[in-house]
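Structure first, commentary second.
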Amino acid sequence: MPDLSRRSFTQLLTTAAAAAAMPAPVLARTTPTPSVVRLSSNENPFGPSPAALASMREAFPLVCRYPDDEADALVAALAKLHGVPASQVLIGAGSGELLRVAALAFTGPQRHLVTADPTFEALGQHSRSIGAEVRAVPLDARFAHDAGRMSEASRGAGLVYICNPNNPTATITPDKHVRELIGAVPPQTMVLVDEAYHHYVLSPEYKSVVDLASRQSNVIVLRTFSKIYGMAGLRCGYAVASEDVIRKMRVHQMWDTVNVLAAVAARTSLADQRHVAEHRKLNEQTRTWVAGQMRAHGHDVLPSEANFVMIDVGREVRPLILAMRGRGVHVGRVFPAMPKHLRVTIGKVEEMKRFVEAFKAAAS
């Protein structure tokens, strides 16, 4: 037994008291410095709703527990939202994790992936990493998915990827053409429709296909809380698909990838539709102003239905990206299929004014 004499016990208490009196360590700053305008990752600069922030604060005592209960509650809320059983919903650490899971479940050396070009690259990267061929079909003249050519390329495919609205172009593929493509794909081939920017869309030509995912055995719809809900750093997204498809995806997923705070904030966000409407309006107003500024400067802007714009700068974009970074404005990366276009996230009004000033200085 350890020595618990009065002297040793007194020394122990003295040491503990001294430790308790020490100031808490100061964590290193990890957020961008205020002088940098970050318009490179299609984040929502306004962040989560006040209700979501409050729910996370209230959930702090739960972080010592595994997130099973909160995850189940989120799944139940999502199932109710989409009118499906909980067994048709799979949550993950952002839709990014679920793209990887889909690649593992439905592509491989004998099952190729069909995507647009350009589009969000993550699914293609994951598929290539496991030996799958990626067949990229150029967007059509309207910067929409080419339903005819993609359906031809889908013969023998394991998975077809439709990002709608599309990243990086911010354009939509009309609902009619999306459903035509889904209908033309062989029934044994999965179709994954990524609706990350769904909540920003205003065009009457667009419609979610979550109704097909709820009843059709080869359709998956992905959504995320990273965009309109302002939770990119919390990592929470979900898939809606048939029970069999969800089962095939789940076996490739780690346990408990959605943490307690993310699950609580996501569930609270679903109930705060006022926050969604306000952020959609702010995004639309600021996006319209930015597009007008670019057109006044002689640059074409693709029609955007998302929280970013794609600007035709008329020359190789890489030097412009670097020049703007030197002025403290970070914009999107180079997309090889569109080397003369610049992708810019819509930030706050003051951030976009900084962008316009930096763009004009760098482009002159």
Side-chain angles (χ1 to χ4, degrees), residues 87-139 144-169 173 177-197 209-210 212-214 216-224 226 235 237-255 257 335-337:
S87 56
Q88 288 189 239
V89 177
L90 181 65
I91 61 174
S95 54
E97 182 198 10
L98 299 174
L99 287 170
R100 178 180 177 275
V101 166
L104 292 171
F106 304 114
T107 71
Q110 306 303 320
R111 298 179 298 170
H112 66 272
L113 170 70
V114 178
T115 74
D117 186 25
T119 195
F120 187 51
E121 310 98 327
L123 184 56
Q125 292 172 356
H126 294 315
S127 296
R128 288 189 188 94
S129 74
I130 57 172
E133 177 190 358
V134 177
R135 299 183 187 177
V137 177
L139 297 171
H145 290 71
D146 191 324
R149 293 182 63 186
M150 289 186 76
S151 63
E152 290 177 7
S154 71
R155 296 169 189 165
L159 188 62
V160 174
Y161 178 57
I162 304 170
C163 186
N164 197 31
N166 188 47
N167 180 11
T169 57
T173 300
H177 300 309
V178 173
R179 291 171 190 265
E180 285 176 355
L181 174 53
I182 292 172
V185 166
Q188 65 272 21
T189 297
M190 297 301 304
V191 181
L192 191 158
V193 184
D194 186 342
E195 296 183 349
Y197 302 97
V209 294
V210 74
L212 294 183
S214 68
Q216 192 163 320
S217 62
N218 70 332
V219 179
I220 307 165
V221 165
L222 294 191
R223 295 275 184 89
T224 182
S226 295
R235 313 309 301 130
Y238 66 95
V240 177
S242 72
E243 290 185 21
D244 182 58
V245 167
I246 294 297
R247 215 166 18 244
K248 290 176 179 176
M249 293 175 68
R250 183 177 284 115
V251 298
H252 296 283
Q253 190 179 35
M254 290 177 56
W255 292 349
T257 57
F335 295 90

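For clarity, every value in this text was computed on a predicted model and none was experimentally measured.
Between Met150 and Thr115, the shortest heavy-atom distance links the atoms CE-C, 3.8 Å. When all heavy atoms are compared, the tightest approach of Ile220 to Met249 is CD1-SD, 4.0 Å. Scanning both residues, Ala116 and Ala136, for their nearest heavy atoms gives O-CB, 4.3 Å. Shortest non-hydrogen contact noted between Asn218 and Pro186 is ND2-O, 3.7 Å. Counting all heavy atoms, side chain and backbone alike, Leu222 lies closest to Ser95 at CD1-O, 4.0 Å. Here the closest non-hydrogen pair linking Ala105 and Lys248 is CB-O, 3.7 Å.
For the pair Phe335 and Thr169, the minimum side-chain heavy-atom distance is 4.5 Å or more. The side-chain heavy atoms of Leu99 and Leu192, taken from C-beta on, include a pair separated by under 4.5 Å. Taking the side chain as every heavy atom from C-beta outward, Glu97 and Gln253 approach each other to under 4.5 Å. Inter-residue side-chain proximity for Leu159 and Leu123 is flagged as met; some heavy-atom pair is nearer than 4.5 Å. Side-chain contact between Leu90 and Leu98 is present, with heavy atoms from C-beta onward closer than 4.5 Å. Counting heavy atoms from C-beta on, the side chains of Ser151 and Glu180 never come closer than 4.5 Å.
Among residues two or more places apart in sequence or in another chain, the ring pair (Phe, Tyr, Trp, His ring centres under 6.0 Å) test is passed with Tyr197 by Phe308.
Side-chain N or O atoms of His126 include none that pairs as donor or acceptor with a backbone N or O of Ala102 at under 3.5 Å. Put simply, the side chain of Ser242 gets close to the backbone of Val245: a donor and an acceptor are under 3.5 Å apart. In terms of modelled atom types and a separation under 3.5 Å, the side chain of Asn164 and the main chain of Ala144 share no donor-acceptor contact.
Counting heavy atoms of neighbouring residues, nucleotides and ligands inside a 6.0 Å radius, atom CZ of Arg100 does not exceed 12 of them. Enclosure of atom CZ in Arg155 is not indicated, since only 12 or fewer non-hydrogen atoms of other residues, nucleotides or ligands lie within 6.0 angstrom.
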* Might you work through the side-chain contact (heavy atoms from CB on, under 4.5 Å) test for Glu195 and Val209, ending with a clear yes or no? => CA-CA 9 Å; Glu195 296 183 349; Val209 294; 3.7 Å; yes
* To do: Step by step, work out the side-chain contact (heavy atoms from CB on, under 4.5 Å) result for Ile130 and Thr107.
  => CA-CA 8 Å; Ile130 57 172; Thr107 71; 3.5 Å; yes
* To do: Show your working on side-chain hydrogen bond (donor to acceptor under 3.5 Å, both in side chains) between Ser226 and Arg235 and close with a plain yes or no.
  => CA-CA 7 Å; Ser226 295; Arg235 313 309 301 130; 3.1 Å; yes
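One distance of note links CD of Glu133 with CZ of Arg111; it measures 14.0 Å at 0.5 Å rounding. With rounding to the nearest 0.5 angstrom, the CE atom of Met190 is 13.0 Å from the OG atom of Ser154. Between the CD1 atom of Ile246 and the OH atom of Tyr238 there is a distance of 11.5 Å, given to the nearest 0.5 Å. How far OG of Ser217 is from CG of Leu212: 11.5 Å, rounded to the nearest 0.5 Å. To the nearest 0.5 Å, the span separating OG1 on Thr189 from CD1 on Ile182 amounts to 12.5 Å. Atom-to-atom distance recorded for Leu139:CG and Thr173:OG1 is 7.5 Å, nearest 0.5 angstrom.
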